[in-house]
Each structure stands twice: as C-alpha cells, then as structure tokens.
**Student:** 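Pasting a structure here, questions to come.
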Amino acid sequence: MDFNGKVALITGGGNGIGRATALALASHGAKVIVVDRDAAGAEGTAGAIRQQGGDARSVAADVTRSAEVQAYVKAALDAYGRIDCFFNNAGIEGKVQPTADYDEAMFDAVISVNVKGVFLGLRHVLPVMLKQKSGTIVNTASVAGLVGTPGMPAYVASKHAVIGLTKTASGEVARQGIRINAVCPGPVDTRMIHSLEAQLDPNDPANASQRYQAALPTGRYTTPEEIANVVLFLLSDLSGNVTGAQWVVDGGRTATGGAATQAMQR
Ligand SMILES: NC(=O)c1ccc[n+]([C@@H]2O[C@H](COP(=O)([O-])OP(=O)(O)OC[C@H]3O[C@@H](n4cnc5c(N)ncnc54)[C@H](O)[C@@H]3O)[C@@H](O)[C@H]2O)c1
C-alpha cells in the first residue's frame with residue numbers, strides 16, 4: 001500500500017481508530033491533516049507523525065458545524081493543495097438506554113455528530129475530489145449499522161444512516177473516479193468501548209469487558225490498528241473497483257447472530 005505523495009484527511013483523528021489510521025497512513029507515505037474537536041488530541045497525533053519523520057498538521061473542528069467543516073477542507077488545501085483520501089470517522093456513542101427511556105437531547109447529539117457530521121464531510125470534500133477527478137473515501141459506520149443493538153437506538157440509527165449515505169454518494173461519483181466505502185467495526189479497544197462497558201456495569205466495568213469479549217467468536221476486541229489496516233486497503237489503489245461496500249471487521253460478531261449483544265444484557 002503506497003500513499004507516497006498522497007494527502008489524507010482524517011476526522012476524529014485525535015484518538016482511537018482515527019489516530020491509529022493517521023499514524024498508519026503517514027507510515028505508508030501520506031501527508032496527513034488530523035481533524036478533531038479535541039485540539040490537543042489532534043495535535044498529539046500530528047506531533048507523533050512529525051516525530052517519526054512524517055508530514056502532518058492538525059485542525060481543531062467540530063464536524064457538526066458547516067463553517068468548521070469548510071475550514072478543515074480549506075486548511076487541507078492551503079497546506080497540501082489537494083485531498084486524495086478522506087477518512088470520515090468522527091463519532092460518539094451516546095448513552096445506553098432503551099428506546100422507551102432514551103433522552104431526546106442525546107438522540108439529537110448522536111445524530112448530529114454521526115450523521116450530519118459525515119454528511120457535511122462528504123458535502124465539502126466531494127467537490128474537491130470531483131474537481132480532481134480522483135479520490136477515495138471511507139466512512140466509519142459500525143456493525144451497529146447492520147444489526148440492532150438493544151439499548152443504543154440513536155447510535156444504531158445513526159450508523160444505519162452512514163451506510164445509506166455511503167451507498168448513495170458512491171453511486172453519484174463512481175464515474176468521476178471517486179470511490180466511497182464504509183468500514184463496520186465491531187467492538188474496538190478504544191475509549192468508546194470502555195465508556196460503554198462503564199455504562200453497562202458501572203460497579204464492575206472490567207466484568208462487562210470480560211463478558212463482552214468472551215462472547216465474541218475470536219474472544220477479544222479488535223485493535224484500532226486492525227481497523228486501520230482495512231481502512232488503508234479501502235483508501236488505497238489495491239481496492240481499485242470496490243465502492244459502495246460495507247467492510248465488516250468484528251471478530252466474527254455479526255456472523256454469529258448477535259451472541260455478543262445477548263452477553264451485554266444483564
Ligand atoms: N470503538 C468501537 O468499539 C467502535 C465500534 C464501531 C464503530 N466505531 C466508530 O469508530 C469511530 C471512532 O471511534 P473510536 O472508537 O476511535 O472512539 P474515540 O472516542 O476514541 O475517538 C473518536 C474521536 O472523535 C472525536 N469527535 C467526537 N465528536 C466530534 C465532533 N463533533 N467533531 C470532531 N471530532 C469529534 C473525539 O474527540 C475523538 O477523538 C466512531 O465513528 C465510532 O462510532 C467504534
């Protein structure tokens with residue numbers, strides 16, 4: 001996978017999956033723009049890339065705000081003149097609550113980041129790629145975009161929507177040399193999964209973690225680096241005619257019909 005001379009833009013790059021992907025892209029030669037609403041996290045990622053001899057800049061932006069999305073696109077163009085790869089990845093988990101109790105403001109917040117944020121990224125990056133007549137995009141969905149997860153109505157709705165956006169936009173730009181795919185991680189060892197463990201079992205999150213991992217066919221969480229490997233493939237020329245697709249990376253979870261979901265129920 002060769003990203004030499006390519007410019008990669010990553011949202012949610014200050015932590016977790018986004019950070020691992022930024023580091024991996026840089027180690028394969030990409031110049032990287034790291035976007036996150038956590039300015040220190042974004043700069044931490046960019047600084048780590050520069051320390052390894054790579055080229056990276058950070059931009060603090062909230063993906064739900066159109067002006068800030070336009071600003072991160074402009075920052076990428078001002079710095080490097082083009083955008084070859086876009087990892088549209090920022091997301092939040094919301095609360096674990098059944099639909100009958102779900103907090104309305106939290107529902108709006110999850111939809112805003114996970115759906116509107118992904119839409120705004122596409123809305124403002126695609127015109128750049130259409131002008132270039134090239135580009136690859138990966139949107140971060142989830143296995144929660146493919147199957148239900150009791151207790152996570154907003155998150156599940158948002159990730160189904162990300163897959164819908166991916167399918168629709170991919171068909172619009174395929175003839176212009178642009179490919180758009182979704183990655184669907186199962187549980188990944190990042191802050192997000194530890195937040196869910198703490199919500200499921202506040203007195204003993206380690207127990208929730210142990211039960212959850214034991215219910216996965218592979219017996220463990222996916223690492224952020226394992227997600228990054230699939231994202232790099234989808235962003236690279238190796239996935240030449242792959243577009244509009246959903247790539248599951250979940251330790252076998254969805255294949256087993258939600259065994260893990262049942263294990264999460266108390
Ligand atoms: N960890 C998992 O188990 C898992 C599973 C499936 C999908 N995902 C998805 O992967 C993506 C990355 O999650 P992660 O696990 O790395 O979590 P994370 O919390 O470690 O990282 C998410 C990053 O997104 C940033 N972010 C959140 N809201 C933002 C906003 N409005 N504007 C800009 N940046 C914002 C955060 O500051 C953070 O740096 C998310 O879309 C998440 O839904 C995660």
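Counting starts at 1 for both ligands and their atoms, following the listed order. Just so you know, residue 1 is the first one in the sequence shown, and it goes up from there.
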**Student:** Quick one: do Glu172 and Lys167 make a salt bridge, cutoff under 4.0 Å?
**Tutor:**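 Judged by the 4.0 Å cut-off on N to carboxylate O distance, Glu172 and Lys167 do not form a salt bridge.
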**Student:** Find all atoms of ligand 1 within a distance of less than 4.0 Å from any non-hydrogen atom belonging to Ile193, and give their numbers and elements.
**Tutor:** 3 (O)
**Student:** Under 4.0 Å, counting heavy atoms only: does Gly186 come that close to any atom of ligand 1?
**Tutor:**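 Under 4.0 Å: yes for Gly186.
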**Student:** What protein heavy atom lies closest to atom 34 (N) of ligand 1? Include the residue and the distance to one decimal.
**Tutor:** Arg37 N, 3.2 Å
**Student:** Can you tell me the protein heavy atom closest to atom 14 (P) of ligand 1 and the distance?
**Tutor:** Thr190 OG1, 3.6 Å
**Student:** Does Val73 offer a backbone N or O that forms a donor-acceptor pair with the side chain of His124 under 3.5 Å?
**Tutor:**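 Not confirmed, His124 side chain does not pair with Val73 backbone.
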**Student:** Examine the proximity of ligand 1 to Ala141 and report which part, side chain or backbone, both or neither, has a heavy atom under 4.0 Å away.
**Tutor:** backbone
**Student:** Applying salt bridge (Lys or Arg N to Asp or Glu O under 4.0 Å) to Glu225 and Arg19, what does each step give before you reach the verdict?
**Tutor:** CA-CA 9 Å; Glu225 291 73 23; Arg19 173 173 284 194; over 6 Å; no
**Student:** Please confirm whether Glu93 comes under 4.0 Å of ligand 1, counting heavy atoms of the residue only.
**Tutor:**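 Under 4.0 Å: no for Glu93.
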**Student:** Give the atom numbers and elements of ligand 1 that come within less than 4.0 Å of a heavy atom of Val113.
**Tutor:**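 With Val113 as reference, the close atoms of ligand 1 come out as 28 (N), 31 (N).
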**Student:** Looking only at protein heavy atoms, which one is nearest to atom 39 (O) of ligand 1, and what is the separation?
**Tutor:** Asp36 OD2, 2.6 Å
**Student:** Do ligand 1 and Ile92 have nitrogen or oxygen atoms that lie under 3.5 Å from each other?
**Tutor:** no
**Student:** Could a heavy atom of Ala61 be found less than 4.0 Å from some atom of ligand 1?
**Tutor:**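 Yes, that is the case, since the closest heavy atom of the residue is under 4.0 Å from the ligand.
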**Student:** So does Arg220 pair up with Glu226, basic N to acidic O under 4.0 Å?
**Tutor:**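 Answer for the salt bridge query: yes.
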**Student:** Is it the case that the side chain of Gln176 and the backbone of Ser134 share a donor-acceptor pair, with hydrogens and angles ignored and the cut-off at 3.5 Å?
**Tutor:** no
**Student:** How close does the nearest protein non-hydrogen atom get to atom 12 (C) of ligand 1, and which residue and atom is it?
**Tutor:**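 The answer is Asn89 OD1, 3.5 Å.
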**Student:** May I ask you to identify the nearest protein heavy atom to atom 6 (C) of ligand 1, giving residue, atom name and distance to one decimal place in Å?
**Tutor:**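 That would be Pro185 O, 3.3 Å.
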**Student:** Are any side-chain N or O atoms of Gln199 and backbone N or O atoms of Val96, one a donor and one an acceptor, separated by less than 3.5 Å?
**Tutor:** yes
**Student:** Has Thr243 got a side-chain atom pairing as donor or acceptor with Ile180's backbone, closer than 3.5 angstrom?
**Tutor:** yes
**Student:** For ligand 1, is there an N or O atom under 3.5 Å from any N or O atom of Ser142?
**Tutor:**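 Looking only at distances, the answer is no, because the N/O contact criterion of under 3.5 Å is not met.
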**Student:** Evaluate side-chain hydrogen bond (donor to acceptor under 3.5 Å, both in side chains) for His28 paired with Asn4, printing each intermediate quantity in order.
**Tutor:** CA-CA 7 Å; His28 286 78; Asn4 276 301; over 6 Å; no
**Student:** Could you check whether any side-chain N or O of Arg179 sits under 3.5 Å from a backbone N or O of Asp237, counting only pairs where one atom can act as donor and the other as acceptor?
**Tutor:** no
**Student:** Should Ile17 and Val188 count as side-chain neighbours, where that means a heavy-atom distance under 4.5 Å?
**Tutor:** yes
**Student:** Identify the protein heavy atom lying closest to atom 21 (O) of ligand 1, giving its residue, its atom name and the separation to 0.1 Å.
**Tutor:** Asn15 CB, 3.9 Å
**Student:** With under 30° as parallel and over 60° as perpendicular, where do the rings of Tyr72 and Phe86 fit, or are they tilted in between?
**Tutor:**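 The rings of Tyr72 and Phe86 sit tilted, inter-plane angle from 30° to 60°.
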**Student:** With only distance considered, is Arg191 within less than 3.5 Å of ligand 1 through an N or O on each side?
**Tutor:** yes
**Student:** Tell me the protein heavy atom at minimum distance from atom 32 (N) of ligand 1, and give that distance in Å.
**Tutor:**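 Result for atom 32 (N) of ligand 1: Val63 N, 3.0 Å.
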**Student:** Is Arg50 salt-bridged to Glu43, cutoff N-O under 4.0 Å?
**Tutor:** yes
**Student:** As an exercise, state the distance from CG of Leu25 to CG of Asp84, rounded to the nearest 0.5 Å.
**Tutor:** 11.0 Å
**Student:** Atoms of ligand 1 less than 4.0 Å from Asp62 heavy atoms?
**Tutor:**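 Here the atoms of ligand 1 in question are 30 (C), 31 (N), 32 (N).
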**Student:** Hey, which atoms in ligand 1 end up nearer than 4.0 Å to a heavy atom of Ile17?
**Tutor:** 10 (O), 15 (O), 16 (O), 44 (C)
**Student:** At less than 4.0 angstrom from any non-hydrogen atom of Gly12, what atoms of ligand 1 do you find?
**Tutor:**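 Under 4.0 Å from Gly12, ligand 1 has these atoms: 23 (C), 24 (O), 25 (C).
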**Student:** Please could you name the atoms of ligand 1 that Gly16 approaches to less than 4.0 Å, counting only its heavy atoms?
**Tutor:** 16 (O), 20 (O)
**Student:** For ligand 1, is Pro187 a contact, meaning one of its heavy atoms is under 4.0 Å away?
**Tutor:** yes
**Student:** When you measure from atom 22 (C) of ligand 1 to each heavy atom in Gly91, Ala90, Ser195, which option holds the nearest one?
**Tutor:**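 Shortest heavy-atom distance from atom 22 (C) of ligand 1: Gly91.
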**Student:** Does atom NZ of Lys6 have more than 12 heavy-atom neighbours, drawn from other residues, nucleotides or ligands, at distances under 6.0 Å?
**Tutor:** yes
**Student:** Looking only at protein heavy atoms, identify the closest one to atom 7 (C) of ligand 1 and say how far it is in Å.
**Tutor:** Tyr155 OH, 3.3 Å
